[in-house]
Student: 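Take this structure first; my questions come after.
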Amino acid sequence: MTAETSQTLDRGLRVLKLLADTDHGLTVTELSHKLGVNRTVVYRLLATLEQHALIRRDLGGRARVGLGVLRLGRQVHPLVREAAMPALRSLAEDIGATAHLTLVDGAEALAVAVVEPSWTDYHVAYRAGFRHPLERGAAGKAIISARLQRPHDPGYTLTHGELEAGACGAAAPLLGVTGVEGSVGVVMLAEVVPERVGPRVVDAAREVADALR
């Protein structure tokens, strides 16, 4: 801690992070041990966070992340979209295909940013807000692949005709971005994805990840 930072705010944020990392919640005693502070401090932190709906406590007294976090989370998409746009524009223009940033939303993949190339005669229409199951399409499969951490993974995923007949896709996961799970990819009308597209998508995903750190 430095003179310019707030110890109380720091502890409150640490509580939220600890609760976000568990599915079953934490008790006051568990939080006290993890934070290295007494139970009275934890009670005060939880009471304040609960007033803002950032945490909730179940009947057993275990604290969990509250619904108020969702309201804050809704503002994440515009920030992520803004950070990703330069890399997506470059990718779309370089490949001549529609580029997109896709994030996980429950069991679905949600396109939050889309850039179409400016110089092609035709390209796949793909819109922000488009959803599909994670297990279908290059964008979702790239995310699943990153979760599995398979050995000898080339770093990108290729698919053909899974979301739209005659269209193929390539996508690479965002890696090393805390709190953001997603992928960067392109979708094009082609029988086969050109060889250079996969590595280029990996580079774009790395650029977006760097912009988000």
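Residue numbers run from 1 in the order of the sequence given. All of these numbers come straight from a predicted model, not from anything done at the bench. Below, each value reflects all heavy atoms present in this structure, side chains not excepted, and no hydrogens, waters or symmetry copies.
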Student: Do Leu101 and Arg81 make a side-chain contact, defined as non-hydrogen atoms from C-beta onward lying under 4.5 Å apart?
Tutor: no
Student: Between Arg62 and His24, does a side chain to side chain contact (heavy atoms under 4.5 Å, CB included) hold up when you go through it step by step?
Tutor: CA-CA 8 Å; Arg62 303 187 76 85; His24 57 272; 3.3 Å; yes
Student: What's the spacing between His132 NE2 and Glu164 CD if we round to 0.5 Å?
Tutor: 12.0 Å
Student: Give me the atom names and distance for the closest heavy-atom approach of Ser183 to Ala139.
Tutor: OG-O, 3.0 Å
Student: Between Arg136 and Glu162, does any NZ, NE, NH1 or NH2 come within less than 4.0 Å of an OD or OE carboxylate oxygen?
Tutor: no
Student: Between Arg56 and Glu50, does at least one N-O distance fall below 4.0 Å, as a salt bridge requires?
Tutor: no
Student: Residues sharing Val192's hydrophobic cluster, by side-chain heavy-atom contacts under 4.5 Å among ILVMFWY, directly or via others?
Tutor: none
Student: Between atom CG of Leu9 and atom OG1 of Thr48, what is the distance when rounded to the nearest 0.5 Å?
Tutor: 11.0 Å
Student: Tell me, do Val112 and Thr102 make a side-chain contact under 4.5 Å, heavy atoms counted?
Tutor: no
Student: Connecting only ILVMFWY residues whose side-chain heavy atoms lie within less than 4.5 Å of each other, what is the rest of Trp119's hydrophobic cluster?
Tutor: none
Student: Linking directly or through intermediates, with side-chain heavy atoms under 4.5 Å: list the remaining ILVMFWY members grouped with Val114, chain and number order.
Tutor: Tyr122, Val124, Tyr126, Phe130, Leu163, Val187, Leu189
Student: Quick one: NE2 on His123 to CD1 on Ile95, what's the gap to the nearest 0.5 Å?
Tutor: 15.0 Å
Student: Can you find a heavy atom in the side chain of Leu54 that is under 4.5 Å from one in the side chain of Val65?
Tutor: no
Student: What closest approach, in Å, do Ala211 and Ala83 show between heavy atoms, and which atom pair accounts for it?
Tutor: CB-O, 3.7 Å
Student: State the CZ-CG distance between Arg57 and Leu26, to the nearest 0.5 angstrom.
Tutor: 13.0 Å
Student: Taking the side chain as every heavy atom from C-beta outward, state whether Pro133 and Glu108 have any pair of such atoms under 4.5 Å apart.
Tutor: no
Student: So do the side chains of Leu45 and Thr8 get within less than 4.5 Å of each other, counting heavy atoms only?
Tutor: yes
Student: Can you name the nearest heavy-atom pair linking Leu158 to Ala170, along with the distance?
Tutor: CD2-CB, 3.5 Å
Student: Start with the C-alpha gap between Glu191 and His160, add the side-chain angles, then the distance that decides, and say whether side chain to side chain contact (heavy atoms under 4.5 Å, CB included) holds.
Tutor: CA-CA 8 Å; Glu191 289 298 323; His160 186 271; 4.1 Å; yes
Student: If you round to the nearest 0.5 Å, how far is OG1 of Thr120 from CD of Glu93?
Tutor: 8.0 Å
Student: Taking all heavy atoms of Ala92 and all of Pro117, pick out the closest pair and write down the distance.
Tutor: O-CB, 3.5 Å
Student: Give a yes or no answer on whether the side chain of Thr159 reaches the backbone of Ala138 with a donor-acceptor pair at less than 3.5 Å.
Tutor: yes
Student: Determine whether Val184 and Leu174 make a side-chain contact, defined as any pair of heavy atoms from C-beta on separated by less than 4.5 Å.
Tutor: yes
Student: With the threshold set at 4.0 Å, does a side-chain nitrogen-carboxylate oxygen contact exist between Arg39 and Glu30?
Tutor: no
Student: Which ring-ring contact (aromatic ring centres under 6.0 Å, His included) pairs, counting each pair once, include a residue from residues 181-213, with sequence neighbours left out?
Tutor: none
Student: Would the number of heavy atoms belonging to other residues, nucleotides or ligands and lying under 6.0 Å from CD of Glu82 be above 12?
Tutor: no
Student: Which pair of non-hydrogen atoms, one from Gly155 and one from Ala172, has the smallest distance, and what is that distance?
Tutor: O-CB, 3.4 Å
Student: Checking side chain to side chain contact (heavy atoms under 4.5 Å, CB included) against His33, which of Val37, Thr29, Leu31 comes through?
Tutor: Thr29
Student: Is the shortest side-chain heavy-atom distance between Leu18 and Leu35 below 4.5 Å?
Tutor: yes
Student: Is any side-chain heavy atom of Asn38 closer than 4.5 Å to a side-chain heavy atom of Val42?
Tutor: no
Student: Check whether more than 12 heavy atoms from other residues, nucleotides or ligands sit under 6.0 Å from atom CZ of Arg147, and answer yes or no.
Tutor: yes
Student: Would Leu103 end up clustered with Leu175 when hydrophobic side chains under 4.5 Å apart are linked, directly or stepwise?
Tutor: no
Student: Take Asp210 and Arg213 through the salt bridge (charged side-chain N to carboxylate O under 4.0 Å, His left out) test and state the conclusion after the steps.
Tutor: CA-CA 5 Å; Asp210 289 343; Arg213 292 194 187 103; 2.4 Å; yes
Student: For the pair Val41 and Arg11, evaluate side chain to side chain contact (heavy atoms under 4.5 Å, CB included) and give the outcome as yes or no after the intermediate values.
Tutor: CA-CA 9 Å; Val41 172; Arg11 286 172 174 170; 3.8 Å; yes
Student: Quick one, Leu91 with Arg89, criterion side chain to side chain contact (heavy atoms under 4.5 Å, CB included). Give me CA distance, side-chain angles, the key distance, then yes/no.
Tutor: CA-CA 5 Å; Leu91 178 62; Arg89 289 194 188 99; over 6 Å; no
Student: With distance as the sole test, does Glu116 use its side chain to make a donor-acceptor pair with the main-chain N or O of Ala97 at under 3.5 Å?
Tutor: no
Student: Locate the shortest heavy-atom distance separating His100 from Val186; write the atom from each residue and the value.
Tutor: NE2-N, 3.7 Å
Student: Among the clusters formed by ILVMFWY side chains lying less than 4.5 Å apart, do Leu79 and Leu110 turn up in the same one?
Tutor: no
Student: Taking transitive links into account, so neighbours of neighbours count too, which hydrophobic residues share a cluster with Leu148 at under 4.5 Å side-chain distance?
Tutor: Val104, Leu134, Ile143, Ile144
Student: Show me the donor-acceptor pairs, under 3.5 Å and distance only, between side chains in residues 197-206 and residues at least two apart or in other chains.
Tutor:
from	atom 1	to	atom 2	distance (Å)
Arg200	NE	Asp94	OD2	2.7
Arg200	NH2	Ser90	OG	3.0
Asp203	OD1	Arg206	NH1	3.0

